[in-house]
Peer 1: 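Got a structure here, written out as structure tokens. Questions coming.
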Amino acid sequence: MNLMTTILIITMALSMILTIVSFWLPQMNPNTEKLSPYECGFDPLGSARLPFSLRFFLVAILFLLFDLEIALLLPLPWGNQLNNPTETFSLVMTVLVLLTLGLIYEWTQGGLEWAE
């Protein structure tokens with residue numbers, strides 16, 4: 001048996017074992033909350049015009065912004081191998097300084113205060 005056949009058999013067997021275990025292992029205890037089409041904590045049968053907390057929305061947007069920062073900084077190790085790594089470093093520092101200034105501004109304006 002050659003190496004490719006062995007690898008193919010092992011990966012197919014492992015995939016089948018994990019699939020079978022994943023169907024047998026979990027405990028199914030359905031209730032009204034789990035069967036609800038919405039998982040956000042709102043009543044799906046109520047009015048769609050309920051007031052929404054603007055503070056929650058701003059904190060969620062801030063979280064997404066900093067999550068995007070991580071995605072922008074992920075290629076940094078490959079950028080250090082370029083001909084001019086100082087350009088990569090200056091661009092990364094520009095992004096970090098802008099985000100830090102934005103965080104300081106949000107903090108001083110009270111945008112991160114959850115309760116008043």
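Because only heavy atoms are used, hydrogens play no part in the values below, and waters and symmetry mates are left out as well, while side chains stay in.
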Peer 1: So, taking the atom named CG in L103 and the one named CG in L65, what distance separates them when rounded to the nearest 0.5 Å?
Peer 2: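 Answer for the CG-CG pair, L103 versus L65, is 9.5 Å.
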Peer 1: Nearest 0.5 angstrom please: N2 CG to T5 OG1, how far?
Peer 2: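 Going from CG on N2 over to OG1 on T5, the span is 3.5 Å.
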Peer 1: Below 4.5 Å, heavy atoms only, C-beta onward: do M4 and L8 meet side chain to side chain?
Peer 2: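 Result no, sub-4.5 Å side-chain heavy-atom pair not found.
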Peer 1: Find out if a path of hydrophobic residues (ILVMFWY) with successive side-chain heavy-atom gaps under 4.5 Å connects I17 to L25.
Peer 2: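 Yes; tracing contacts between hydrophobic side chains, which count when under 4.5 Å, links both residues.
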Peer 1: Can L98 be reached from V95 by stepping across I, L, V, M, F, W or Y side chains whose heavy atoms are under 4.5 Å apart?
Peer 2: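 Looking at the clustering, L98 is in a separate group from V95.
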Peer 1: Nearest 0.5 angstrom please: F89 CZ to T94 OG1, how far?
Peer 2: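 So the gap between those two atoms works out to 9.5 Å.
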Peer 1: Any chain of hydrophobic side-chain contacts (each under 4.5 Å) joining V97 to I104?
Peer 2: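 The answer is no; the residues belong to distinct hydrophobic clusters.
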Peer 1: On a heavy-atom basis, which atom in L99 and which in F66 lie closest, and how many Å separate them?
Peer 2: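 Nearest pair, atom of L99 first, then F66: O-CZ, 3.8 Å.
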Peer 1: Tell me the closest heavy-atom pair linking T100 and L96, and the distance in Å.
Peer 2: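 What the structure gives for the nearest pair is OG1-O, 2.7 Å.
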Peer 1: Going by heavy atoms in the side chains, are T11 and L14 under 4.5 Å from each other?
Peer 2: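 The answer is no; the side chains never approach within 4.5 Å.
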Peer 1: Measuring from atom OG1 of T88 to atom CE of M93, what distance do you get when rounded to the nearest 0.5 angstrom?
Peer 2: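 It comes to 13.5 Å.
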